[in-house]
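Residue numbers start from 1 in every chain, and the chains themselves are labelled A, B, ... in the order their sequence lines are given, proteins ahead of strands.
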2 protein chains.
Amino acid sequence: MQLREASSTNSTEAVTARLRELILRGALPQGERVTESGLASLLQVSRTPIRLALATLQQEELVEGAPNRGFRVRRFTLEDLREIIEVRATLEGMAARLAAEKGMSQQQEDTLVRCIDELEELIASGACDHATFQRFSEINIAFHATITEIAANAALTRSLERTTNLPFRSAPMLYVLPRDEALMAMSESQRDHKRLLDAIRQCQGARAEFLMREHALIPLAKAALLIEHMDAALTIPAAADGTF
Amino acid sequence: MQLREASSTNSTEAVTARLRELILRGALPQGERVTESGLASLLQVSRTPIRLALATLQQEELVEGAPNRGFRVRRFTLEDLREIIEVRATLEGMAARLAAEKGMSQQQEDTLVRCIDELEELIASGACDHATFQRFSEINIAFHATITEIAANAALTRSLERTTNLPFRSAPMLYVLPRDEALMAMSESQRDHKRLLDAIRQCQGARAEFLMREHALIPLAKAALLIEHMDAALTIPAAADGTF
DNA sequence: AGTGTTTGAATTGCATGCAATCATATGTCA
DNA sequence: TGACATATGATTGCATGCAATTCAAACACT
């Protein structure tokens, strides 16, 4: 899912996307100090596009910077994740409510149904490997994106996009769980999806809202595991603690 | 209310704040094309800080830019305002709920009470002039900021800040109303404030949430008036607004 | 030894030059 | 006369140089 419009030949956009990926995938350890010249030589461009990109990522809160003192990769605490997930749940709930209130086109309904069917197959297959989780995540994202589309509120869509860029989102949640719990999580998730579709079909705004809120809070319970997982991935001693 | 941390001697920050002000105050007409060199000579700096500032304002959606084709001041339609206000209402509702659920310190409660008392005086005075509206707006903002503080969710605070930067927010709403309607609006607003405080005191999360949601939707009814007012204001050739 | 000061390397912040891109106006041909 | 191609001017995008600031280590001093 592209966040911005079509990727131009533009170097700044490319650098921004590249850096975002590096951070989100954990290639740049949290808390790591990044210098303009360092990134410039890493990505083979001059400091100018780097500078622009860092300003953008600062707005996205993926890096934090102090004036005259450069930037460092943001460190997400457990509390940060909790807060972001809560905001996200509220916004997703709003999307579900709007979707129920405004109603959906036949095509949109078909899309939701298709997502649910495909998830159903996936779960029924009993598979529990990397590819399955990946696929689950993709369909899940598509389902939510469709509801957001039905909600038809551009400001809401933007706000949601802004709370989306977390390191290790969604799919990785499943990796850190034992097999049976992963299967259980997918089943519960799927049950929510069905209820959501039902609520939206019947224009039950409040029900849709609170179903979605709860649904979007699922990651909350596993946030601690995620943090551990992240820290484990960051075995490299991120230059001691805070410094600033 | 400062959006960023303390203003440094930094030129880019200054330019960003300056441009933001120009746009929010309507000195730069909506839809106006802005060139880097134009702004550079206007603000007496080189293109570099302008460039950074525009990138920031683009993230804030105050300007929109196409690659290789520069930027223009964003044009807010009635629909845009409606959508933003709805998102804002949802987020403010969340803040109120969290505030009720988490509870407030004595000092925070005192602040809320003081806001309410001061608003009460203001309304009782029956005054209906520029200064009154200004003061009303200030106290109102303080009231909401305090609730957001009580909610104690940094991600939520950030999301709210991001939906705050609208041209002509809050206070100007009152200017465009006839005297009796303005007084009525302030009274209704005040009644909501009292109920909100009561709900938060009693830890009634759901009640607080929906009271706040409705409360934050008040501007919705007047959005059309706002748009008219904005368009009217833009017939004046901008430079008149003091500044330069 | 501990604290305050100074000096220097590293880095950011800003200005400017140049190439690439886009918009507009001009010219050519059917 | 109209449509297409071309050329020119303006503007953006990027690279680089230089001044200003910061951080850290060495030094002097109490």
Not counting sequence neighbours, list each pair that qualifies as a side-chain hydrogen bond (donor to acceptor under 3.5 Å, both in side chains) and has a residue in residues 37-48 of chain B.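 Counting only pairs at least two positions apart or across chains, the side-chain hydrogen bond (donor to acceptor under 3.5 Å, both in side chains) contacts touching residues 37-48 of chain B are E36(B)-R47(B).
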Over how many whole Å does the gap from L52(A) atom CG to dT12(D) atom C1' extend? 11 Å
Are the charged groups of R69(B) and E64(B) less than 4.0 angstrom apart, N to O? no
Report yes or no: does R75(A) contribute a side-chain atom to a donor-acceptor pair with the main-chain N or O of Q30(A) at less than 3.5 Å? yes
Just checking, any donor-acceptor pair under 3.5 angstrom between side chains of S137(A) and N140(A)? no
F71(B): what forms a ring pair (Phe, Tyr, Trp, His ring centres under 6.0 Å) with it, not counting sequence neighbours? none
Letter by letter from the 5' end, nucleotides 6-16 of chain C scores (B base, S sugar-phosphate only, - none; protein heavy atoms under 4.0 Å) -----SBBSBB
Report, one pair per line, the protein and nucleotides 6-9 of chain D atoms (nitrogen or oxygen only) whose separation is under 3.5 Å.
none

For H193(A) and F143(A), take the angle between the two ring planes, folded into 0 to 90°, and tell me which bin it lands in: parallel under 30, tilted 30 to 60, perpendicular over 60. tilted
Applying salt bridge (Lys or Arg N to Asp or Glu O under 4.0 Å), can you list everything that pairs with E149(B), at least two apart in sequence or on another chain? none
Tell me every residue that passes side chain to side chain donor-acceptor pair (under 3.5 Å) with E86(B), counting only those two or more places apart in sequence or in another chain.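 By the side chain to side chain donor-acceptor pair (under 3.5 Å) rule, E86(B) matches no residue at all.
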